[in-house]
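Keep in mind that this is a model prediction, so the values were computed, not measured. Whatever order the structure lists ligands and atoms in, that order sets their numbers, starting from 1.
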Amino acid sequence: MWGACFFFKKGVINMFVDQTKIYIQAGNGGNGAVSFRREKYVPNGGPDGGDGGKGGDIIFEVDPGLNTLIDFRYKRQFKAQSGENGGKAKRYGKSGEDLILKVPPGTIIREAETGKIMLDMSKADGREVFLRGGRGGKGNTHYATATMQVPRYAQSGQEGRGYWVVLELKTIAHVGLIGFPNVGKSTILSMISNAKPKIADYHFTTLTPNLGVVDTQYGGGFMVADIPGLIEGAHQGVGLGHAFLRHIERTRLLIHVVDSSGTEGRDPLDDIEKINYELKAYSETLGERPQIIAANKIDLPESREYIEQIRKKYEPLGVRVFPISAASGEGLKELLYYAGELLQTINKDPIVFETEYLDDYDEWKTEEPHVIEKVEEGVYEVSGYNVEKMLGYTHLDTEKGFVFFQKYLRDQGIIEELEKAGIEEGDTVRIYDLEFEYFKSR
Ligand SMILES: Nc1nc2c(ncn2[C@@H]2O[C@H](COP(=O)(O)OP(=O)(O)O)[C@@H](O)[C@H]2O)c(=O)[nH]1
Ligand SMILES: [Mg+2]
């Protein structure tokens with residue numbers, strides 16, 4: 001039964017760091033070099049500047065021996081090594097070393113800004129390249145053309161991308177306690193485990209489920225999460241509903257707790273249906289997750305009638321109903337032993353979330369427009385992420401590449417803007433480390 005959860009030890013649960021925000025950045029690419037074979041500026045010498053090295057990647061790796069994110073609480077900024085600059089005599093810059101960040105299984109990486117899942121490290125042997133290092137800049141050897149044999153420019157290395165991300169350790173609890181607020185979920189957890197959840201606390205005080213390892217007297221060997229905050233409309237995001245539903249998604253078996261005394265004017269049968277509706281509306285698979293009904297508060301006399309009704313309705317559907325009193329402990333043993341048995345019949349493959357964040361490495365996040373600036377008489381400078389990106393992908397040393405790059409400048413309206421800015425034939429256009437002579441096309 002212990003299987004995959006052997007690393008949960010009693011007493012360490014309180015240290016559980018559930019969520020932490022860190023900054024990660026891939027290494028910058030090294031710059032390409034400008035250098036010439038013989039003396040500087042001797043045309044026949046020819047360019048021999050080497051390329052810059054690639055920046056190091058940011059890699060996430062699952063370490064099954066870890067069970068907290070505590071390592072990320074003290075250090076929060078992580079940057080992979082930058083690539084070295086290119087050198088003379090076509091010497092390549094060394095690539096930067098990758099940075100491997102080890103996380104416990106079940107760690108989810110979200111973009112801090114949007115909360116979208118960028119990566120789910122649920123697979124126990126997972127290793128994923130998360131951010132690729134910036135590419136190294138090309139040395140000036142690449143920029144010699146028939147008309148430009150003395151290229152005094154080289155490409156800059158690409159900046160390594162950086163993100164603020166939230167690492168979240170998903171509940172790897174096997175069993176989730178669900179139900180409306182005040183039905184007794186937290187009381188159950190406090191009775192069956194070492195966890196000390198707040199009883200009758202206002203249900204939106206925490207996003208984090210309380211976790212507890214079930215005591216051996218209740219069968220033991222599995223984790224239970226008390227998931228707060230399920231209310232009507234949760235599937236539409238009401239009351240942070242999505243966050244709670246996401247926690248539930250990760251559990252394999254649900255103990256659906258209901259207040260069978262029907263206090264506060266509630267109808268227990270109606271309550272069960274409403275919660276089930278929220279699960280199903282959120283996700284088909286969640287609606288089909290195996291359930292056990294815990295009809296709580298049987299110490300209150302009103303519960304008797306309702307329990308019969310619940311049994312009549314759900315037992316024919318194969319859902320077992322356990323009358324319990326979390327307050328007195330009655331019925332808890334039977335409930336938990338059955339949950340433990342049922343768990344053994346359930347597929348234990350981890351539930352892996354899909355990436356919601358579709359990131360194309362080629363797409364720079366910043367859609368920064370280009371800037372055209374007259375820097376001195378007869379010299380115009382063009383800058384901007386996209387222009388630089390374009391340079392990185394174009395082989396200007398081939399005729400085709402050169403034509404392609406010019407088309408790009410025209411399509412982007414850069415040529416037109418240069419003309420508006422007053423450029424004349426023979427003027428210089430500087431784009432990063434590249435220089436072009438301007439000719440009007442006819
Ligand atoms: N009479 C009675 N009250 C209970 C029982 N279980 C929980 N309660 C009470 O119900 C209230 C809500 O319990 P709590 O565990 O915080 O509910 P949760 O919101 O579902 O976590 C508290 O005042 C508990 O003391 C029970 O078996 N019998
Ligand atoms: Mg509670």
Could you tell me whether the side chain of [Y] reaches within less than 4.5 Å of the side chain of [X], counting heavy atoms only?
X: I275; Y: H256; value: yes
X: Q77; Y: W164; value: yes
X: I310; Y: L269; value: yes

K374 atom NZ: more than 12 heavy-atom contacts under 6.0 Å
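For K374, atom NZ is crowded (more than 12 foreign heavy atoms under 6.0 Å).
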Does CD in E97 sit with more than 12 non-hydrogen atoms of other residues, nucleotides or ligands closer than 6.0 Å?
no
Close N or O approach ([X], ligand 1; < 3.5 Å):
X: A327; answer: yes
X: P181; answer: no
X: L300; answer: no
X: D226; answer: no
X: V183; answer: yes

I22 side, atom CD1; L101 side, atom CG - distance, nearest 0.5 Å:
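If I round to the nearest 0.5 Å, the distance is 6.0 Å.
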Sub-4.0 Å atoms of ligand 1 with respect to non-hydrogen atoms of [X]:
X: D299; result: 1 (N), 2 (C), 26 (C), 27 (O), 28 (N)
X: N182; result: 10 (O), 12 (C), 17 (O), 18 (P), 19 (O), 20 (O)
X: S325; result: 27 (O)

Got an N, O or S from T187 under 2.8 Å of the Mg ion (ligand 2)?
no
Quick one: do R320 and E341 make a salt bridge, cutoff under 4.0 Å?
no
If every non-hydrogen atom of Y218 is compared with every non-hydrogen atom of L336, which pair is closest and at what distance?
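Smallest heavy-atom distance, with atoms named: O-CB, 3.4 Å.
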Who gets closest to atom 4 (C) of ligand 1 by heavy atom: M191, K297, K185?
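The residue whose heavy atom sits nearest atom 4 (C) of ligand 1 is K297.
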Give the contacting part of N296 toward ligand 1: side chain, backbone, both or neither, where contact means a heavy-atom distance below 4.0 Å.
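N296 to ligand 1: side-chain contact only, backbone stays beyond 4.0 Å.
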